[in-house]
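Note that the structure is predicted; figures quoted are calculated from it, not measured. Along the sequence shown, the residues carry numbers beginning at 1.
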Amino acid sequence: MLEVTNLRAGYGAINVLWDVSLKVGHGQLTTIIGPNGAGKTTLLRAIMGLLPIAQGQVSLDGRVLNGMPTWEMSQVSMAMIPEGRMIFRAMSIEENLIIGAFAPQHRARVKDNLERAYVMFPRLRERRRQLAGSLSGGEAQMLAMARGLMSEPKLLIIDEPSLGLAPVVVNELFEILTRLRQEGRTIVLVEQNTERAVGVADHVYLMQSGKVILSQTAAEVDLDHLHDLYFAR
């Protein structure tokens, strides 16, 4: 479904990604792990058109995405849930969700998708008229995820969803990821909680210093070996 080939990208004169290649199969949850500074978020930004690609190619279902503006990614049915939630704090929960279906092709199904969001995240229904800025960190992450699902993306990219959350909320979050995977969603997950990430994944990529240094099915992953590579031991 998603294919990244020999990708190089970075920030101005600073190159971060070095010939990164990966594949994401339809209906699979692919997790990308690695230490801080490994290039994980840079990779997601390059895929989503937030950073220019210096070399290589990103394609979705055979369509090359190089040079496509970020605001057009919803037209190819991609959505990203960014690190740090990035919700609209001065807007209500329901207004935040509706923004997720702002593109014209998604507006006809707003009511149906709102109902789906409220079924999956019941706390959002209870507080739908509240300002998003009043939510806890865990609730804000649930809102960010629900907003990403409002456009019914074929490919959902999630960056560090458990960052800064209490363990009980992390458990709830990974239950939702498991449910989405069981529904057949195609998901790219960047996550630093290696054990939990591998536990929900179909395929695992480990990045180090802007390169992919391990690619295995989740069933093949040896966590001790993975951690040795992760910490460069």
Side-chain angles (χ1 to χ4, degrees), residues 11 29 32 36 40-52 60 65 68-166 168-177 179-180 183 185-193:
Y11 303 89
L29 193 157
I32 303 170
N36 288 335
K40 307 182 300 297
T41 295
T42 301
L43 173 60
L44 300 190
R45 289 174 177 170
I47 290 171
M48 290 297 298
L50 291 164
L51 288 177
L60 182 70
L65 302 183
M68 179 178 286
T70 305
W71 57 87
E72 292 183 6
M73 289 296 176
S74 66
Q75 296 180 15
V76 294
S77 204
M78 285 176 60
M80 181 173 172
I81 299 167
E83 179 183 351
R85 293 46 144 172
M86 294 191 183
I87 57 174
F88 297 98
R89 297 175 60 84
M91 297 171 66
S92 73
I93 288 167
E94 191 155 293
E95 288 168 339
N96 267 268
L97 293 174
I98 291 170
I99 284 288
F102 179 77
Q105 66 268 31
H106 304 309
R107 294 177 191 173
R109 293 179 55 78
V110 165
K111 288 185 179 179
D112 290 341
N113 289 328
L114 272 175
E115 182 59 27
R116 281 200 187 92
Y118 290 144
V119 168
M120 184 168 286
F121 305 96
R123 273 178 284 179
L124 298 184
R125 184 195 297 274
E126 296 168 9
R127 306 183 184 190
R128 62 187 182 277
R129 304 300 181 201
Q130 286 183 220
L131 293 181
S134 68
L135 297 178
S136 68
E139 291 165 341
Q141 184 61 56
M142 300 303 174
L143 175 57
M145 290 186 67
R147 182 183 61 190
L149 291 166
M150 284 292 293
S151 62
E152 300 177 290
K154 291 180 183 176
L155 176 64
L156 184 64
I157 297 175
I158 310 175
D159 192 7
E160 300 283 9
S162 72
L163 189 65
L165 301 184
V168 65
V169 180
V170 173
N171 289 339
E172 186 177 352
L173 175 66
F174 275 91
E175 287 173 5
I176 291 166
L177 288 172
R179 194 185 321 163
L180 291 171
E183 290 176 359
R185 300 271 185 179
T186 305
I187 300 171
V188 175
L189 171 68
V190 164
E191 176 59 52
Q192 287 195 357
N193 188 328

Inset, instruction - Indicate yes or no for a side-chain donor-acceptor contact from Asp159 to the backbone of Val190 under 3.5 Å, with no hydrogens or angles considered. - result: no
Legend entry - Arg179 atom CZ: more than 12 heavy-atom contacts under 6.0 Å: yes
Legend entry - Greater than 12 external heavy atoms within 6.0 Å of Tyr11's OH: yes
Inset, instruction - Write out all pairs satisfying side chain to side chain donor-acceptor pair (under 3.5 Å) with one or both partners inside residues 71-80, taking only residues at least two apart or from two chains. - result: none
Legend entry - Heavy-atom closest contact (Gly138 atom, Leu165 atom, distance): N-CD2, 3.6 Å
Legend entry - Nearest atoms (heavy-atom pairs only) where Leu131 meets Ala90: CD2-O, 3.5 Å
Inset, instruction - Would you mind reporting whether Val188 and Met80 have side-chain heavy atoms less than 4.5 Å apart? - result: no
Inset, instruction - Check for a donor-acceptor pair, side chain of Arg128 on one end and backbone N or O of Arg125 on the other, with a separation under 3.5 Å. - result: yes
Inset, instruction - Taking all heavy atoms of Ser92 and all of Arg129, pick out the closest pair and write down the distance. - result: CB-O, 3.9 Å
Legend entry - Euclidean distance, Leu180 CG relative to Ile158 CD1, rounded to 0.5 Å: 7.0 Å
Would you tabulate the side-chain donor-acceptor contacts of residues 141-150 under 3.5 Å, counting partners in other chains and residues two or more places apart, or write 'none'?
unit_1	atom_1	unit_2	atom_2	d
Gln141	OE1	Arg85	NH1	3.2
Arg147	NH1	Met86	O	3.1
Arg147	NH2	Arg85	O	3.2
Arg147	NH2	Met86	O	3.2

Legend entry - Beyond-backbone contact of Met68 with Met78, side-chain heavy atoms, under 4.5 angstrom: no
Legend entry - Ionic contact status for Lys40 with Glu83, cut-off 4.0 Å: no
Inset, instruction - Measure the CD-CG distance between Gln130 and Leu124 for me, rounded to the nearest 0.5 Å. - result: 10.0 Å
Inset, instruction - Would you name the heavy atoms of Ile157 and Met48 that are closest together and state the gap between them? - result: CD1-SD, 3.9 Å
Inset, instruction - Applying side chain to side chain contact (heavy atoms under 4.5 Å, CB included), run through Thr41 and Arg45 and close with a yes or a no. - result: CA-CA 6 Å; Thr41 295; Arg45 289 174 177 170; 3.5 Å; yes
Legend entry - Spatial distance of atom CG (Leu177) from atom CD1 (Ile187) [nearest 0.5 Å]: 6.0 Å
Legend entry - Heavy-atom closest contact (Ser162 atom, Val170 atom, distance): CB-CG2, 3.9 Å
Inset, instruction - With rounding to the nearest 0.5 Å, note down the distance linking CD1 in Ile99 to CD in Glu94. - result: 12.5 Å
Legend entry - Lys111 NZ to Asn113 CG distance, which is reported to the nearest 0.5 Å: 13.0 Å
Legend entry - Approximate separation, where rounding is to 0.5 Å, of Leu155 CG and Arg185 CZ: 11.5 Å
